[in-house]
Number of protein chains: 2
Amino acid sequence: MDSEQVQADLFDAKCPSRQVLDRIGDRWSVLVVSTLAEGTLRHGEIAGRIGGITPKMLTQTLRGLERDGLARRTVYAEVPPRVEYALTDLGRDLVGLVRQLTRWAEVHIPDVEAARADYDARPTASRK
Amino acid sequence: MDSEQVQADLFDAKCPSRQVLDRIGDRWSVLVVSTLAEGTLRHGEIAGRIGGITPKMLTQTLRGLERDGLARRTVYAEVPPRVEYALTDLGRDLVGLVRQLTRWAEVHIPDVEAARADYDARPTASRK
DNA sequence: CAGCATCCTAGCTGATACTG
DNA sequence: CAGTATCAGCTAGGATGCTG
């Protein structure tokens with residue numbers, strides 16, 4: 001395989017890890033998915049559990065998840081309106097990946113933070 | 001535990017998955033780490049393998065990886081200057097996580113794309 | 001309650017040019 | 001060769017106010 005091929009594999013939108021990161025790399029997706037992991041919830045319930053998310057960002061995030069087949073949106077024609085969100089099978093599968101991320105973090109983030117502190121303390125290092 | 005505590009767990013910098021995503025969620029870190037997985041490389045060699053990355057972004061990314069203890073930077077006092085980069089043990093471990101991301105993507109991204117195409121085609125859905 | 005419209009800011013990112 | 005400095009654009013993200 002030539003270098004052009006390697007480049008194509010790594011760069012662009014072809015790189016698989018890039019695709020996942022583009023999907024869950026934003027500020028709220030992981031949080032919303034994790035919250036929905038506990039079951040079907042309404043818009044306000046999700047907001048309450050997460051805390052600090054604006055209605056706009058929540059809706060925007062949920063729309064993205066719905067579009068990508070990770071969450072299902074159910075509207076009940078009632079007054080006042082009621083909208084429920086739940087994970088799809090695909091979404092539940094994503095939870096598994098998130099758990100792997102979490103597990104890795106719990107194990108290794110301490111090392112990362114130690115290295116960071118060490119780096120910042122070192123006067124010789126090219127500091128930011 | 002009160003709702004304040006739940007919020008603290010999920011939000012802020014405490015959520016473990018958030019920490020990983022903050023670290024590898026940027027455009028180049030995963031690419032650079034994956035490239036370094038093949039061995040010790042010089043600045044220009046990494047740039048050549050990745051393609052499309054500017055010197056500034058590469059240096060910036062490498063600095064971040066070095067700071068977090070994921071990569072090691074070795075400067076040789078020669079003329080012309082030579083600087084080599086290699087993964088640390090921690091960095092190599094991160095490669096494992098990236099491979100899991102990649103694996104998940106390869107399996108499920110097709111479903112995501114199908115759902116997306118379906119969603120975009122549906123005229124009734126609240127489209128973006 | 002759910003969520004849309006609008007405005008606005010901050011930070012990532014990139015293009016370019018220059019230095020040790 | 002490796003790295004820095006500067007300028008500029010894009011867009012994720014947030015604040016606010018209004019509607020069905």
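Reminder, nothing fancy here: chain letters follow the sequence lines and each chain counts from 1. Just so you know, these numbers come straight off a predicted model, no measurement behind them.
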Visitor: Ignoring the backbone of A:M57, work out which of C:dA2, C:dC4, D:dG13 is nearest its side chain.
Guide: D:dG13
Visitor: With a 4.5 Å limit on heavy-atom distance, are the side chains of A:V33 and A:L70 in contact?
Guide: no
Visitor: Distance criterion of 3.5 Å, no angle test: do you see the side chain of B:K56 paired donor-to-acceptor with the base of D:dG3?
Guide: no
Visitor: With a 4.5 Å cut-off on side-chain heavy atoms, are A:L90 and A:D68 touching?
Guide: no
Visitor: Which nucleotide in the list C:dG3, C:dT13, D:dC1 gets nearest to the side chain of A:H43?
Guide: C:dG3
Visitor: Once you round it to whole Å, what is the distance between C1' of D:dA2 and CZ of B:R73?
Guide: 8 Å
Visitor: When rounded to the nearest 0.5 angstrom, what is the spacing between CD in A:Q100 and CG in B:L97?
Guide: 7.5 Å
Visitor: Strictly by salt bridge (Lys or Arg N to Asp or Glu O under 4.0 Å), give each pair with a member in residues 94-113 of chain A just once, sequence neighbours left out.
Guide: none
Visitor: Which pairs count as salt bridge (Lys or Arg N to Asp or Glu O under 4.0 Å) when at least one residue sits in residues 80-94 of chain B, sequence neighbours excluded?
Guide: B:E78-B:R82, B:R82-B:E84, B:D89-B:R92
Visitor: Regarding A:R82, tell me which of base, sugar-phosphate or nothing describes its non-hydrogen contacts under 4.0 Å with the strands shown.
Guide: nothing
Visitor: Output the rounded distance in Å from CG (A:L31) to P (D:dG13).
Guide: 12 Å
Visitor: When all nucleic acid strands are considered with a 4.0 Å heavy-atom cut-off, which category describes B:Y76: base, sugar-phosphate, or nothing?
Guide: nothing
Visitor: To the nearest Å, give me how far apart OH (B:Y85) and P (D:dC1) are.
Guide: 15 Å
Visitor: Figure out the CD1/C1' separation between A:I53 and D:dA15, and round it to whole Å.
Guide: 14 Å
Visitor: Give a yes/no answer on whether the side chain of A:R42 brings an N or O atom under 4.0 Å of OP1 or OP2 in C:dA2.
Guide: yes
Visitor: What nucleotide, of D:dA2, D:dG14, D:dG3, holds the atom closest to the side chain of B:P55?
Guide: D:dG3
Visitor: Measure CD/A:E45 against C1'/C:dG3 and give the value in whole Å, please.
Guide: 16 Å
Visitor: Please tell me which of the listed nucleotides, D:dC7, D:dC1, C:dC1, lies nearest to the side chain of B:P80?
Guide: D:dC1
Visitor: In whole Å, I'd like the distance from the CG atom of A:D22 to the P atom of D:dT11.
Guide: 13 Å
Visitor: Looking only at heavy atoms, what is the nearest atom pair of A:S17 and B:T102, with distance?
Guide: OG-OG1, 3.4 Å
Visitor: Starting the side chain at C-beta, find the nucleotide from D:dG13, C:dC1, C:dT13 nearest to B:Q60.
Guide: C:dT13
Visitor: How far apart are the closest heavy atoms of A:G25 and B:R18, and which atoms are they?
Guide: O-NH2, 3.8 Å
Visitor: Is the shortest side-chain N/O distance from B:R27 to OP1 or OP2 of C:dC12 below 4.0 Å?
Guide: no
Visitor: Under 3.5 Å, which N/O atoms of the protein pair with N/O atoms of nucleotides 18-20 of chain D?
Guide:
none

Visitor: Between atom CG in A:L58 and atom C1' in C:dC1, what is the gap in whole Å?
Guide: 12 Å
Visitor: Tell me the interatomic distance from A:I46, atom CD1, to C:dC1, atom C1', rounded to whole angstroms.
Guide: 13 Å
Visitor: Would you indicate, yes or no, if C:dC12 has its OP1 or OP2 atom less than 4.0 angstrom from a side-chain nitrogen or oxygen of B:W28?
Guide: no
Visitor: Closer than 4.0 Å, any side-chain N/O of A:R63 to the OP1 or OP2 of C:dC4?
Guide: yes
Visitor: Report the C-alpha separation of A:R116 and A:D120 in whole Å, then their side-chain angles, then the decisive distance to 0.1 Å, and conclude whether the salt bridge (charged side-chain N to carboxylate O under 4.0 Å, His left out) test is met.
Guide: CA-CA 6 Å; A:R116 204 175 307 197; A:D120 291 344; over 6 Å; no
